[in-house]
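Below: one structure, written as structure tokens.
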Amino acid sequence: RSELGMTEADYVVGGAMLYDLVTLGRLRLEGEERKARVAVDDRSPLDDAALEAAFARVRDRKPAKAQNIVARLGKNGQRNLYRGLVDEGAVRPRDAKLLGLIPLTRHDVLDDARRDQLLHRVRDVLLNDREPDEAIGPLIGLLSAGNLVKLVVEKPDRKRAKKRAPEIAEGDWGSES
């Protein structure tokens, strides 16, 4: 069950997509902090279907504020990501009902080891003062921006983790969008 509303989820997913597209050299940042603009560097298509669907919405745009690009990248992002995870065999969809009336789709994690390893790495950085790597730093930035740190640590550690997460995210531009 998602702790985010659809709009919030779209922004968090959009931030992750922005990070991935910059890392892949498709987008670049011009300027700093809130004045930063996102520009397209390489318009070539991507193999990842969810990332390509997001990139198609900004591929032909002029440089724009990061917040605007994140919103465009994240549109329908959660649905597209789940579709990709289902195709990879990482999750399995199942039908459910909200309040016994409203039909919806839930997703069961199939790769517990992958999830557990990722959670361990995130917790290690948040709670044991380890330095984040290039994957965990942006992930913690997104968790912090979406106020989701509480989901990855136990209740007694939440205060400490919530304090550390913004410190890690501070140098991570993707979490500011």
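Predicted model only: the values in this text are computed from it and were never measured.
- Within the model, atoms CG of Leu104 and CG of Asp95 stand 8.5 Å from one another, a figure rounded to the nearest 0.5 Å.
- Within a 6.0 Å sphere centred on CD of Glu30, heavy atoms belonging to other residues, nucleotides or ligands number more than 12.
- In this structure the side chain of Leu142 never reaches within 4.5 angstrom of the side chain of Val13, judged on heavy atoms.
- A distance-only check finds a donor-acceptor pair linking the side chain of Arg57 to the backbone of Lys75 [under 3.5 Å].
- Atom CG of Leu51 sits about 8.5 Å away from atom CG of Leu73, to the nearest 0.5 Å.
- For the pair Val38/Leu29, a side-chain contact is recorded, criterion being any heavy-atom separation below 4.5 Å from C-beta on.
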Could you walk me through whether Ile168 and Leu126 pass side-chain contact (heavy atoms from CB on, under 4.5 Å), step by step? CA-CA 9 Å; Ile168 294 166; Leu126 287 171; 4.1 Å; yes
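- Atom OH of residue Tyr19 and atom CG of residue Leu24 lie 9.5 Å apart, to the nearest 0.5 angstrom.
- Nearest heavy atoms, Gln67 versus Tyr11: O-CE2, 4.1 Å.
- Within 6.0 Å of atom CZ in Arg114, 12 or fewer heavy atoms from other residues, nucleotides or ligands are found, so the atom counts as exposed in its surroundings.
- Screening residues 118-128 for salt bridge (Lys or Arg N to Asp or Glu O under 4.0 Å), with sequence neighbours left out, gives Arg121-Asp133, Asp124-Arg130.
- Here the closest non-hydrogen pair linking Ala165 and Ser144 is CB-CB, 3.9 Å.
- Under a 4.0 Å N-O distance rule, the pair Arg164/Asp129 qualifies as a salt bridge.
- Contact check on Arg26 versus Glu52 returns no salt bridge, with no Lys/Arg side-chain nitrogen under 4.0 Å from an Asp/Glu carboxylate oxygen.
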Walk me through whether Val40 and Leu27 qualify under side-chain contact (heavy atoms from CB on, under 4.5 Å). CA-CA 4 Å; Val40 177; Leu27 299 176; 3.7 Å; yes
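- Within 6.0 Å of atom CZ in Arg92, 12 or fewer heavy atoms from other residues, nucleotides or ligands are found, so the atom counts as exposed in its surroundings.
- Residue Asn80 holds its CG atom at 11.0 Å from CG of Leu85, rounded to the nearest 0.5 Å.
- A pairwise comparison of heavy atoms in Pro132 and Ile136 identifies CB-C, 4.3 Å as the closest pair.
- What you find for Gly25 and Asp42 is that their closest heavy atoms are O-CB, 3.6 Å.
- Qualifying side chain to side chain contact (heavy atoms under 4.5 Å, CB included) partners for Asp87, counting only residues two or more places apart in sequence or in other chains: Arg83.
- Using a 4.5 Å heavy-atom cutoff, the side chains of Leu46 and Leu21 are in contact.
- A distance of 5.5 Å separates CZ in Arg43 from CG in Asp60, rounded to the nearest 0.5 Å.
- Taking all atoms of both residues into account, the shortest heavy-atom contact from Thr105 to Pro93 is CG2-CB, 3.8 Å.
- Linking Ile, Leu, Val, Met, Phe, Trp and Tyr residues whenever their side-chain heavy atoms come within less than 4.5 Å places Leu118 and Val153 in a single cluster.
- Closest non-hydrogen pair, Asp10 versus Gln78, comes out as OD1-N, 4.3 Å.
- Atom CD of Gln117 sits about 13.0 Å away from atom CG of Asp112, to the nearest 0.5 Å.
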